[in-house]
2 protein chains.
Amino acid sequence: MNINEVAKAAGLPAKTIRYYEEIGLIRPLRGGNGYRAFRESDMHKLSFIARARGLGFSIEECRKLLALYDDKGRASADVKALAEGHLVQIAEKIRELRAMEATLQGLVHACAGDHRPDCPILTGLADAGDACCA
Amino acid sequence: MNINEVAKAAGLPAKTIRYYEEIGLIRPLRGGNGYRAFRESDMHKLSFIARARGLGFSIEECRKLLALYDDKGRASADVKALAEGHLVQIAEKIRELRAMEATLQGLVHACAGDHRPDCPILTGLADAGDACCA
DNA sequence: GATAAGGGTTCCAGTCACGGGAAGGTCAAG
DNA sequence: CTTGACCTTCCCGTGACTGGAACCCTTATC
């Protein structure tokens, strides 16, 4: 399979696939013409990576997941630990975003949003902790 | 004021402040020795930026907010529009993260996490849409 | 055989918002 | 006069790509 075929199949841009090869996530073969020749196993790995990335795993986490995937003697506990660590990161990000959202919603709610210049959002940013109400 | 003073006062690393000058967010004066000389107004802007960044605004959004802050004839509607646009982005990110969290939690929940190699997390990533249950 | 379209390849630069660290000038104290 | 803390600029690195240039390969058509 050529790169655009796998790209469509895995739902990844060809550029991204070349990048994944460059950093050693996959190692497709090469044809006599210099083209990358992807095997089924390469395709599976790419789909695997695409889904892991879709769940927010970093490239390095994907690398570890792929290693575990390849290691038939792995302990599922190792995989679970990785996933749970990532879940903690996700939860943390959500908390941060919700805090931002709450603060900003408070400011937005206090703002008339008309032609006048008085703006609690700006004063809130300028004065900190004040003019906010969330 | 020298850079480390404002850094402490604004809660930003000195490196970041130099970067903000480089991209034109602030324009501190210079002393005869070449040192940056920050006025009160520079400090206020830095605090303003620090808070806006803390609410997740991008640098370019901060630039716009600063311009509105400086423009005494602004309409608060413009500020509100900017903030509301950002709120939409935040909400979107939260939705994405919650979706990831739900999917991953389903996989993690299904995984025994012991010494055995069988792992629904890995098969879930490999097979897509299967072995998941969230 | 020429040519054009549509693959593929490499390499280089840019993104965003900084951070690390080197090499060197400046300032206040002892 | 030296020490050490501060300041300066400059350049490289981060993560995970993306865009584009310049060039090679294949296939079909004229």
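Naming: A, B, ... by sequence-line order, numbering from 1 per chain.
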Student: Hey, does Arg18(A) reach any base, or is it just sugar-phosphate, or nothing, if we go heavy atoms under 4.0 Å?
Tutor: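 Touches a base.
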Student: Any Lys/Arg nitrogen of Glu92(A) or Arg95(A) sitting under 4.0 Å from an Asp/Glu carboxylate oxygen of the other?
Tutor: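 Yes, this pair counts.
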Student: Would you tabulate the nitrogen or oxygen pairs shorter than 3.5 Å linking the protein to nucleotides 2-7 of chain C?
Tutor:
residue, atom, partner, partner atom, Å
dG7(C), N2, Tyr35(A), OH, 3.0

Student: Mind listing the closest non-hydrogen atom pair of Leu125(B) and Arg51(A) along with its distance?
Tutor: O-NH1, 2.5 Å
Student: When you measure from every atom of DNA chain C, which of residues 56-66 of chain A have a heavy atom less than 4.0 Å away?
Tutor: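 Those residues: none at all.
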Student: Could I get the full list of side-chain hydrogen bond (donor to acceptor under 3.5 Å, both in side chains) partners for Glu22(B), not counting sequence neighbours?
Tutor: none
Student: Roughly, in whole Å, what's the span from CG in Leu29(A) to C1' in dG8(C)?
Tutor: 16 Å
Student: Closer to the 5' end of DNA chain C via nearest nucleotide, is it Lys15(A) or Thr16(B)?
Tutor: Lys15(A)
Student: Tell me: CZ of Arg36(B) to C1' of dT26(C), nearest whole Å?
Tutor: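 So the CZ-C1' distance, Arg36(B) to dT26(C), works out to 15 Å.
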Student: Applying salt bridge (charged side-chain N to carboxylate O under 4.0 Å, His left out) to Asp42(A) and Lys45(A), what does each step give before you reach the verdict?
Tutor: CA-CA 5 Å; Asp42(A) 296 314; Lys45(A) 282 192 183 183; over 6 Å; no
Student: Taking everything shown except Lys8(B) itself, do over 12 heavy atoms lie less than 6.0 Å from its NZ?
Tutor: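 Incorrect, the count does not exceed 12.
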Student: Take Tyr20(A) and Asn33(A), find for each the nucleotide of DNA chain D with the closest heavy atom, and name the residue whose nucleotide sits nearer the 5' end.
Tutor: Tyr20(A)
Student: Specify the separation, in whole Å, of atom OH of Tyr19(B) and atom P of dG20(C).
Tutor: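 It works out to 16 Å between those atoms.
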Student: Salt bridge between Glu61(A) and Lys64(A), side-chain N to carboxylate O under 4.0 Å?
Tutor: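 Answer for the salt bridge query: no.
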Student: Using atom CD1 of Ile17(B) as one end and atom C1' of dG19(C) as the other, report the distance to the nearest whole Å.
Tutor: 14 Å
Student: Could you give the start and end, 5' to 3', of the contact zone on DNA chain D for chain A, using atoms under 4.0 Å from its heavy atoms?
Tutor: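 Span of nucleotides near chain A: dA16(D) to dT26(D).
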Student: Measure CD1/Ile23(B) against P/dT15(C) and give the value in whole Å, please.
Tutor: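 These atoms are roughly 12 Å apart.
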Student: Looking at Arg74(A) and Leu68(A), would you say the former's side chain and the latter's main chain have a donor-acceptor pair under 3.5 Å?
Tutor: yes
Student: Any ring-ring contact (aromatic ring centres under 6.0 Å, His included) pairs touching residues 30-58 of chain B, not counting sequence neighbours?
Tutor: Phe48(B)-Tyr69(B), Phe57(B)-His86(B)
Student: Does Arg18(A) come within less than 4.0 Å of Glu21(A), counting only side-chain N to carboxylate O?
Tutor: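 No, no charged N to carboxylate O under 4.0 Å.
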Student: Roughly how far, to the nearest 0.5 Å, is the CG atom of Leu107(A) from the CG atom of Leu55(B)?
Tutor: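 If we round to the nearest 0.5 Å, Leu55(B):CG and Leu107(A):CG are 7.0 Å apart.
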Student: Phe38(A) has an atom CZ; how far is it from atom C1' of dT9(C), in whole Å?
Tutor: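 About 12 Å, once rounded to whole Å.
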Student: When rounded to the nearest 0.5 angstrom, what is the spacing between CD1 in Ile49(A) and CZ in Arg63(A)?
Tutor: 9.0 Å
Student: Regarding Arg116(A) and Asp114(A), does a basic nitrogen lie under 4.0 Å from an acidic carboxylate oxygen?
Tutor: yes
Student: Any idea which heavy atoms bring Leu122(B) and Leu65(A) closest together, and the distance?
Tutor: CD2-O, 3.9 Å
Student: Could you work out how much the helix from dG1(C)-dC30(D) to dG30(C)-dC1(D) bends, comparing the axis of its first five pairs with that of its last five, to 10°?
Tutor: 40°
Student: Sub-3.5 Å donor-acceptor pair from the side chain of Arg53(A) to the main-chain atoms of Cys62(A), do we have one?
Tutor: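 It does not hold such a pair.
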